[in-house]
Asker: 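Have a look at this one before I ask anything.
Fair warning: this is a prediction, and the values are worked out from it, not measured in the lab.
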Amino acid sequence: MSKSVAIVTLGCSKNQVDSEIMSGRMSEKYCLVKDPEQADIIIVNTCTFIERAKEESINTLLEMAQFKEDSQCKTLVAAGCLAQRYGEELMAEIPELDGILGTGNVAEILEVVEEAQIQKTRHVSLDIPRFLYNDTMSRNRLSPKHYAYVKVAEGCDNYCTYCIIPHVRGRFRSRPEESIIREAQHMAEEGVKEILLIAQDTTRYGIDLYGEYRLPSLIRKIADIEGIEWIRLMYCYPDLFTDELIQTMKDTPKVCRYLDIPLQHADNQILKEMNRRGTREDTELLIQKLRQAMPDIRIRTTMITGFPGESETQFKNLLDFVKFVGFDRLGAFAYSQEESTPAAKRKDQVPEDVREKRCEELMQLQQTISLERQQRWRGQLLKVLIEEKLPDGRFLGRSEGDAPEIDGSVYVNSSAELIIGEFAQVKIQDVDSYDLMGEVVS
């Protein structure tokens, strides 16, 4: 009987794709299980984006280490961004760890586990990670059957002054278009209805391979694939959002009227110090263009509060911008002082309690804005992807304005049984700041 392996995934959807690749490789020899308590081998795919993510990763590693004492686990491996960044320290501080796998060595997971069962081993790219998955690699998707993440590129060249990602993920590198199309076609054959295009910087796709931004071309080719009904764009930087991309979104019915553009701030001086390209005025113009082209588009963003040197006036500029634009969705986090980044070395750090207070104030403002934005869907007929049947008999789904796991849901009443993973037409009857409530229209 083969040994069992569980993969615990922390962090973002990009990390999830890496876990799916590792799961595919491990299934060549081992039996996959969901519950780490039932596993002989546990792999923790870690995150190191901000302090909170690091703490969660370390706590999870310690929790999994306990299974070596209390359960059947014999081999524990740390993978992902935290492992890439702090491999030596993790091995020294957590004696239960048998192996370390960096972001540049994802495809080597089977060999690392085999070696770790014999002796402690460390596989981390000492230079800049260069790993890039392709459609020929075995991959066991962790998402439901009806949607899938497609990572179009890896790494990042932006070098924002607060961010460690370019150091742990490497330089920006696009996958060949042909590989992405083949992967999407295979997913459609498996029943995938929704493709989520992701990268650290999705709008940059293609520039390194083809000398031009190829996201519009890629979108059009994926839209031609039979079976794919939704294409969702995530993590699009505003400075590279071209008029061609806007037109492609408008002209391609399969592209969700949804956009995730992580802005991080709106005060021009703070943006400059963050090494974010573009200005508040540039962003306002972009959002105006998007809403003119697609009046029903939902726009999500992310903001950072308490960046070093952020004054009360600059924070107020951020609040004013958020009020003026009226984002449908907004996430925020207090600035995290990440060592080895330029921002961490600054002497004008904002006190942690101030950072957190500003974050809370921003989110309270956004809750009011979100509720106002949601009102426009009352009485509207929306296409909803059904994902779950609730104990009370209602169904739970998502509209094209809701990305999985991070946005709201649609609560659906239906006298007939609905099929999970299929679409239904739902008339919206009620709303709150995050969710919609409605009834199926036959």
Side-chain angles (χ1 to χ4, degrees), residues 11-12 47 49-53 156 158 160-165 200-203 233-241 258-288 290-291 297-338 341 343-344 346 349-373 403 405-408 433-434:
C12 64
C47 178
F49 179 53
I50 57 176
E51 188 63 32
R52 198 173 302 156
C156 186
N158 291 313
C160 299
T161 59
Y162 54 84
C163 186
I164 198 66
I165 294 301
Q200 298 295 339
D201 181 355
T202 307
T203 31
L233 303 185
M234 307 291 292
Y235 317 120
C236 295
Y237 275 57
D239 58 300
L240 298 179
F241 216 98
Y258 176 98
L259 185 63
D260 183 308
I261 43 174
L263 298 174
Q264 315 305 5
H265 215 280
D267 180 86
N268 286 339
Q269 184 59 37
I270 293 290
L271 288 170
K272 183 178 180 181
E273 292 173 5
M274 286 179 164
N275 196 34
R276 305 284 294 185
R277 296 177 298 277
T279 64
R280 168 178 175 162
E281 293 74 22
D282 294 333
T283 301
E284 289 177 356
L285 179 59
L286 170 62
I287 292 172
Q288 181 184 9
L290 286 164
R291 286 177 169 165
I297 192 171
R298 287 82 143 190
I299 299 177
R300 157 175 277 280
T301 194
T302 309
M303 297 294 184
I304 298 173
T305 60
F307 184 80
E310 182 189 61
S311 66
E312 285 291 344
T313 299
Q314 290 170 321
F315 175 60
K316 185 176 183 301
N317 289 341
L318 172 57
L319 294 179
D320 290 343
F321 171 77
V322 170
K323 288 178 189 175
F324 176 77
V325 170
F327 292 99
D328 298 271
R329 310 275 193 262
L330 183 146
F333 59 93
Y335 165 75
S336 179
Q337 191 174 356
E338 295 302 306
T341 61
R346 290 178 52 163
Q349 300 292 323
V350 175
E352 188 172 352
D353 62 331
V354 176
R355 303 178 211 168
E356 295 289 350
K357 182 181 177 183
R358 289 176 179 175
C359 184
E360 183 178 342
E361 184 177 348
L362 175 57
M363 289 309 297
Q364 286 176 347
L365 169 64
Q366 179 58 36
Q367 187 172 7
T368 301
I369 295 171
S370 291
L371 181 58
E372 292 174 357
R373 297 288 298 172
E405 301 179 20
I406 60 172
D407 291 322
S433 294
Y434 305 102

Asker: Do the non-hydrogen side-chain atoms of M303 and F333 ever get within less than 4.5 Å of each other?
Answerer: no
Asker: So, the side chain of T283 versus the backbone of T279: is there a donor-acceptor pair under 3.5 Å, distance only?
Answerer: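 Yes, because the side chain of T283 sits within donor-acceptor range (under 3.5 Å) of the backbone of T279.
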Asker: Output yes when E356 and R52 qualify as a salt bridge under the 4.0 Å nitrogen-oxygen rule, no when they do not.
Answerer: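 Looking at E356 and R52, the cut-off is met.
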Asker: Which atom names give the shortest non-hydrogen contact between I297 and R373, and what distance separates them?
Answerer: O-NH2, 4.4 Å
Asker: So L240 and D201, do their side chains get closer than 4.5 Å, heavy atoms only?
Answerer: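 Yes - at least one pair of side-chain heavy atoms lies under 4.5 Å apart.
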Asker: Could you give me the CA-CA distance, side-chain angles and deciding distance for K316 and E361, then say whether salt bridge (Lys or Arg N to Asp or Glu O under 4.0 Å) is met?
Answerer: CA-CA 11 Å; K316 185 176 183 301; E361 184 177 348; over 6 Å; no
Asker: Would you say that L362 contacts L330 through its side chain, given a criterion of any heavy-atom pair below 4.5 Å between the two side chains?
Answerer: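 In contact.
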Asker: Quick check against the 3.5 Å criterion: does S370 have a side-chain atom that pairs as donor or acceptor with the backbone of R329?
Answerer: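 Not a single qualifying donor-acceptor pair exists.
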Asker: Would D407 and R300 satisfy salt bridge (Lys or Arg N to Asp or Glu O under 4.0 Å), going step by step from the backbone distance to the final call?
Answerer: CA-CA 9 Å; D407 291 322; R300 157 175 277 280; 2.9 Å; yes
Asker: If I take atom CZ from residue F324 and atom CD1 from residue I287, how far apart are they, to the nearest 0.5 angstrom?
Answerer: 9.0 Å
Asker: Between Q314 and H265, is the side-chain hydrogen bond (donor to acceptor under 3.5 Å, both in side chains) condition met? List the steps.
Answerer: CA-CA 9 Å; Q314 290 170 321; H265 215 280; over 6 Å; no
Asker: Taking the side chain as everything from C-beta on, heavy atoms only, tell me whether Y335 gets closer than 4.5 Å to E310.
Answerer: no
Asker: Evaluate the criterion salt bridge (Lys or Arg N to Asp or Glu O under 4.0 Å) for residue pair K357 and D353; output intermediate values, then yes/no.
Answerer: CA-CA 6 Å; K357 182 181 177 183; D353 62 331; over 6 Å; no
Asker: Taking atom CD as the centre, does Q269 end up with more than 12 heavy-atom neighbours from other residues, nucleotides or ligands that are less than 6.0 angstrom away?
Answerer: yes
Asker: Is the shortest side-chain N to carboxylate O distance from R298 to D328 below 4.0 Å?
Answerer: no
Asker: So how far is it from T302 OG1 to L263 CG, rounded to the nearest 0.5 Å?
Answerer: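 Rounded to the nearest 0.5 Å, the OG1-CG separation comes out at 8.0 Å.
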Asker: Enter the distance from I299:CD1 to L290:CG here, rounded to the nearest 0.5 Å.
Answerer: 5.0 Å
Asker: Any side-chain heavy atom of R355 sitting closer than 4.5 Å to one from F307?
Answerer: no
Asker: Look up atom CG in N158 and atom OH in Y237, then write down how far apart they are to the nearest 0.5 Å.
Answerer: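 Atom-to-atom, N158:CG and Y237:OH are 4.5 Å apart.
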Asker: CE/M274 to CG/D267 distance, rounded to the nearest 0.5 angstrom?
Answerer: 9.5 Å
Asker: Could you tell me whether the side chain of T301 and the main chain of I261 form a donor-acceptor pair under 3.5 Å?
Answerer: yes
Asker: Quick one: does any side-chain atom of E338 pair with a main-chain N or O of E51 as donor and acceptor, under 3.5 Å?
Answerer: yes
Asker: Checking Q349 side chain against A343 main chain: does a donor-acceptor pair fall under 3.5 Å?
Answerer: yes
Asker: Quick check against the 3.5 Å criterion: does S433 have a side-chain atom that pairs as donor or acceptor with the backbone of Q367?
Answerer: yes
Asker: Could you check whether any side-chain heavy atom of L259 comes within less than 4.5 Å of a side-chain heavy atom of C236, counting everything from C-beta outward?
Answerer: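 Of all side-chain heavy-atom pairs linking C236 with L259, at least one is under 4.5 Å.
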Asker: Can you check whether I369 reaches Q366 side chain to side chain, under 4.5 Å on heavy atoms?
Answerer: yes
Asker: Return the OG to CZ distance between S336 and F49, rounded to the nearest 0.5 Å.
Answerer: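 Between atom OG of S336 and atom CZ of F49 there are 8.5 Å.
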Asker: Between the main-chain N or O of E273 and the side-chain N or O of T161, is there a donor-acceptor pair closer than 3.5 Å?
Answerer: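 A pair under 3.5 Å: yes.
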Asker: Spell out, as yes or no, whether a donor-acceptor pair under 3.5 Å connects the side chain of Q337 to the backbone of A344.
Answerer: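 Yes; at least one donor-acceptor contact below 3.5 Å.
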Asker: Would you say R277 and L271 make side-chain contact, with heavy atoms under 4.5 Å?
Answerer: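 In short, these two side chains do not touch, never coming nearer than 4.5 Å.
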